Every structure is written in structure tokens, then in C-alpha cells.
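First the structure, in the form of C-alpha cells, and then the observations on it.
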Amino acid sequence: MPDTYRIFIRDLVLAMEIGVHAHERGHAQRVRINLEAETVRDEDDEGISGVVSYEDLLNGIKDIAGSGHIDLVEILGDRVLDMTLAHPRVVSARVTIEKLDVFGDVESVGAEMSRTRAR
């Protein structure tokens, strides 16, 4: 297997509609997303087409977050992992989703999940 490297998106904060409670529906709340992806590079291609573009991943996360209400942070995480692993150069990925404004006495609540491409 070729050498791998990690790309990441750190501390992306988006306002989105997320949550199962009635008071969470119909208005946006702040969510922080961190993504790491283990990838392989095409060593014969020194251009952007030889790597996984973190800009593409960033735009993919924004599209998912803007696509409408999502009930659970775990569902959001699954969608981000699906999008990330759809890239053929991604070997594995880990995402952390944090809701920032749910409770006044903690900085955040959320979930972290990871997935590895089936070989």
C-alpha cells in the first residue's frame, strides 16, 4: 500500500438546524465540526488531482449542513463520513461533531466517530 498522509479540517463552526427536540426545530444552532482523513497520494501527479482536496471536503460538509434539518449529531457524522470516504483516495476518516449552545454549563456536547474503507 502506498504511503498515507492525513488532511484535516479543524474547528469549522456552522449554524445549522439540528436536534430532536421541538425547541431545536425551525432555527439554527452552532455546531463545530472537526474532520481528519487518512489518504493516499498519486506520487506520479504533483498537482491537485493527485491528492484529496480539503477544500472539496469543506464544501461537502457545508452542503450537508445546509441541506435541511438533521435530527442527530450521529446522523450528521455518518453523512460527513460517507461524503469523505466517497473519495477513492481516502483510506479512513474520523469526525467530531459538537453542539455548542445546548447547555450553559458545558462548552459542548456531541459525538466522535470513525470509519475505515473496506478492503
Side-chain angles (χ1 to χ4, degrees):
M1 181 171 177
D3 290 339
T4 61
Y5 67 100
R6 289 192 182 274
I7 61 171
F8 57 86
I9 296 168
R10 293 215 174 107
D11 297 327
L12 171 64
V13 177
L14 300 172
M16 63 176 292
E17 291 191 29
I18 189 165
V20 296
H21 300 292
H23 69 273
E24 295 178 298
R25 296 188 179 274
H27 71 277
Q29 58 183 300
R30 292 182 317 135
V31 175
R32 179 171 39 224
I33 301 169
N34 285 280
L35 175 66
E36 287 188 12
E38 183 179 0
T39 67
V40 294
R41 185 173 68 84
D42 181 348
E43 295 176 5
D44 296 329
D45 186 343
E46 294 185 9
I48 189 73
S49 61
V51 298
V52 177
S53 168
Y54 44 77
E55 182 178 18
D56 290 345
L57 296 179
L58 177 63
N59 289 334
I61 293 169
K62 289 178 179 179
D63 289 346
I64 293 165
S67 67
H69 186 90
I70 297 174
D71 283 342
L72 300 170
V73 295
E74 293 85 353
I75 299 302
L76 175 58
D78 283 339
R79 291 179 184 173
V80 170
L81 289 173
D82 288 344
M83 178 271 304
T84 304
L85 285 164
H87 194 293
R89 294 192 193 289
V90 174
V91 176
S92 65
R94 175 182 306 275
V95 66
T96 304
I97 310 291
E98 298 172 86
K99 292 169 73 173
L100 301 177
D101 302 318
V102 176
F103 301 106
D105 54 352
V106 298
E107 182 177 327
S108 66
V109 295
E112 181 176 89
M113 55 206 74
S114 61
R115 196 176 299 157
T116 300
R117 178 182 306 284
R119 296 207 166 133

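In this chain, numbering begins with 1 at the start of the sequence shown. Every value quoted in this text rests on a predicted model; they were computed, and no experiment measured them. Keep in mind that the numbers below use all heavy atoms, side chains included, and drop hydrogens, waters and symmetry copies.
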R25 vs D71, side chain to side chain contact (heavy atoms under 4.5 Å, CB included): CA-CA, chis, key distance, verdict = CA-CA 9 Å; R25 296 188 179 274; D71 283 342; 2.7 Å; yes
message = For the CZ atom of R117 and the CG atom of L85, what is their distance to the nearest 0.5 Å?
response = 5.5 Å
task = Verify the cluster assignment for L76 and V20: are they in a single hydrophobic cluster under the rule of side-chain heavy atoms below 4.5 Å apart?
result = yes
key: Shared hydrophobic cluster, Y5 / V95 (ILVMFWY, side-chain heavy atoms < 4.5 Å)   = yes
query = For T84 and A93, which heavy atoms make the closest approach, and how far apart are they?
reply = CG2-CB, 3.8 Å
ask   = Hey, any chance V102 and L72 share a hydrophobic cluster, counting ILVMFWY side chains that come within less than 4.5 Å of each other, even indirectly?
value = no
ask   = Which heavy-atom pair separates F8 from Y54 by the least distance, and what is that distance?
value = O-CB, 4.5 Å
ask   = Is there a chain of hydrophobic side chains (I, L, V, M, F, W, Y, each step under 4.5 Å between heavy atoms) that links M16 to I9?
value = yes
query = Less than 4.5 Å apart, any side-chain heavy atom of D63 and any of M83?
reply = no
task = Apply side chain to side chain contact (heavy atoms under 4.5 Å, CB included) to the pair L57 and V52, showing each step before the final yes or no.
result = CA-CA 8 Å; L57 296 179; V52 177; 4.0 Å; yes
V80 and M113, any side-chain heavy atoms less than 4.5 Å apart = no
task = Specify the closest pair of heavy atoms between H87 and V51, including all atoms of both residues, with the distance to one decimal.
result = NE2-O, 4.1 Å
ask   = If you measure from CD1 on I75 to NE2 on H69, what distance do you get to the nearest 0.5 Å?
value = 11.0 Å
request  = Measure the CD1-CD distance between I7 and E36 for me, rounded to the nearest 0.5 Å.
outcome  = 10.0 Å
key: Spatial distance of atom CD1 (I70) from atom CD1 (I64) [nearest 0.5 Å]   = 7.5 Å
request  = Rounded to the nearest 0.5 Å, what's the gap from CG on L58 to CD on E55? Could you check?
outcome  = 7.5 Å
request  = Please step through side chain to side chain contact (heavy atoms under 4.5 Å, CB included) for the pair T116 and E38, ending with a clear verdict.
outcome  = CA-CA 9 Å; T116 300; E38 183 179 0; over 6 Å; no
key: side chain to side chain contact (heavy atoms under 4.5 Å, CB included) evaluation trace for E98 with L100   = CA-CA 6 Å; E98 298 172 86; L100 301 177; 4.2 Å; yes
ask   = Rounded to the nearest 0.5 Å, what separation is found between the CD atom of E24 and the CG atom of D101?
value = 11.0 Å
message = Less than 4.5 Å apart, side chain to side chain, heavy atoms only: is that true for E74 and I97?
response = no
request  = Ignoring hydrogens and angles, tell me if any N or O in the side chain of H21 forms a donor-acceptor pair with the backbone of H23 under 3.5 Å.
outcome  = no
query = Mind checking whether V109 and L14 sit in one hydrophobic cluster, side chains of I, L, V, M, F, W, Y counted as touching below 4.5 Å?
reply = no
ask   = For the side chain of R94 and the backbone of E112, is there at least one donor-acceptor N/O pair under 3.5 Å apart?
value = no
inquiry  = I'd like to check Q29 versus I18 (side-chain heavy atoms, cut-off strictly below 4.5 Å). Are they in contact?
reply    = yes
